[in-house]
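Following: one structure in structure tokens, then a few remarks.
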Amino acid sequence: MAERLVFHVDVNSAFLSWEAVRRVKNGEPDLREIPSCIGGDPEKRTGIVVAKSIPAKRFGVTTGEPMAMALRKCPKLVCVPPDFKLYDKCSKAFKRICKEYTPVMESYSIDEVFLDMSGMEYIYPDPLATAHEIKDRIRDELGFTVNVGIGRNKVCAKMASDFEKPDRVHTLFPDEIPAKMWELPVRELFTCGRASADKLTRAGIRTIGELARADEIQLRRLLGDKLGSHLHRYANGIDEEPVQEIREDAKGYSAETTVEENLEDLESMNRMLLAQADIVAARMRSEGARCRCISVQFRTTQFKNKSHQRKLADSTDVTEQIYEVAKQLIAESWTGEPLRLIGLALTDIDRDDFEQMSFLVDERKERLKRLDTAIDSIRGKYGNSSIRRAGTMDAEKRIARRYQAEAENKRNRYKGE
Ligand SMILES: [Mg+2]
């Protein structure tokens with residue numbers, strides 16, 4: 001097989017940068033240059049910090065802490081509620097540029113893609129120059145920065161993009177693995193969760209290099225057969241997984257979340273699906289659309305992708321109804337493996353002005369529609385975080401925890417240097 005070449009493109013502090021770009025366009029101060037954060041409701045002093053600027057970090061503001069505490073540390077902190085519609089727009093814009101460079105792009109999350117650049121040396125003879133071009137175009141055309149990682153497979157590209165930030169290109173080719181990756185702590189290895197990192201550290205395996213040289217049989221005993229072998233391969237920079245195009249239906253609405261702590265039970269998956277249903281259904285309603293098909297997709301810790309969908313008799317834009325179907329879909333298709341990623345997509349979109357009348361008027365559906373309308377109008381007036389469904393709180397905490405873990409990783413890395 002010919003040598004593969006994979007790029008991983010990752011937006012630097014995505015939510016904060018995207019909001020900053022919008023404000024700069026309106027002549028407002030650049031959030032990246034002042035103490036600022038995304039999250040919560042600054043007026044009511046509720047909610048948590050989801051992302052923060054570097055100047056906010058200097059005041060000791062940390063991701064995941066309550067807004068009230070952050071404001072005590074830094075009374076001038078500019079707090080901005082999350083805006084998923086904006087994030088979606090920015091996400092699509094940078095992915096559109098990335099897609100110009102390859103026929104095979106894998107959307108890994110809202111702010112990350114893998115590009116399969118294999119076999120394109122005739123068009124792009126110099127991978128580094130191409131990576132710089134992608135990075136510079138996104139910065140110059142869209143106003144926010146990305147890191148690009150280059151490797152022979154996904155794990156190396158992903159690890160490389162996480163080296164020094166922002167606005168940088170890094171390579172991690174096989175001969176660079178010992179010098180660039182092996183000195184990092186095990187928890188920084190892509191897909192190594194906190195629980196695995198703790199187990200490894202307790203067993204005396206602290207760095208990725210120690211993990212790479214560890215006995216595979218011992219690792220399998222420690223972490224289980226699949227995960228033990230998987231992390232051993234990753235530590236050695238081995239990864240055969242192809243870059244997979246996950247079809248993005250331009251006419252549909254979707255959300256997906258990569259979690260830091262694996263999802264291991266239906267209850268936490270359902271909470272995540274409710275948070276996603278809430279966001280995508282609101283987006284769909286704001287464009288006067290309804291869907292006829294609902295699908296749930298997920299990725300296991302072993303990188304198996306699966307999706308399951310259902311066609312509806314009548315199109316819908318009701319959050320509760322979409323969530324009910326999503327819940328059934330995950331219950332039917334999940335076979336017990338821990339999940340790394342879960343997503344919800346609404347497709348087969350209707351944009352007619354009238355809904356197909358069914359012979360029986362569904363009273364519950366009418367009531368739920370009125371509830372959605374009320375929620376949307378409150379959001380329209382007071383912002384996305386002004387109201388939330390009780391079940392999504394946990395998903396928000398999970399997102400905050402993920403950011404906290406990322407922040408912790410970064411802090412430790414700088415400490416180590
Ligand atoms: Mg990012």
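For clarity, every value in this text was computed on a predicted model and none was experimentally measured. Ligands are counted one by one from 1 in listed order, and the atoms in each one are counted from 1 as well.
The aromatic rings of F114 and F190 are tilted relative to each other, their planes meeting at an angle between 30° and 60°. Ring-plane geometry between Y87 and W18 is classed as tilted, the angle between the planes lying from 30 to 60 degrees on a 0 to 90 degree scale.
Contact check for T316 versus I322: side-chain heavy atoms found under the 4.5 Å cut-off. Side-chain atoms of R283 and V280, non-hydrogen and from C-beta on, do get closer than 4.5 Å to each other.
Residue side and main chain included, E112 places no N/O/S atom under 2.8 Å of the Mg ion (ligand 1). At a threshold of 2.8 Å, the Mg ion (ligand 1) has no backbone or side-chain N, O or S atom of A14 nearer than that distance.
Counting just the N/O/S atoms of D111, the one with the shortest distance to the Mg ion (ligand 1) is named OD2. In terms of distance to the Mg ion (ligand 1), the nearest N, O or S atom of D10 is named OD1.
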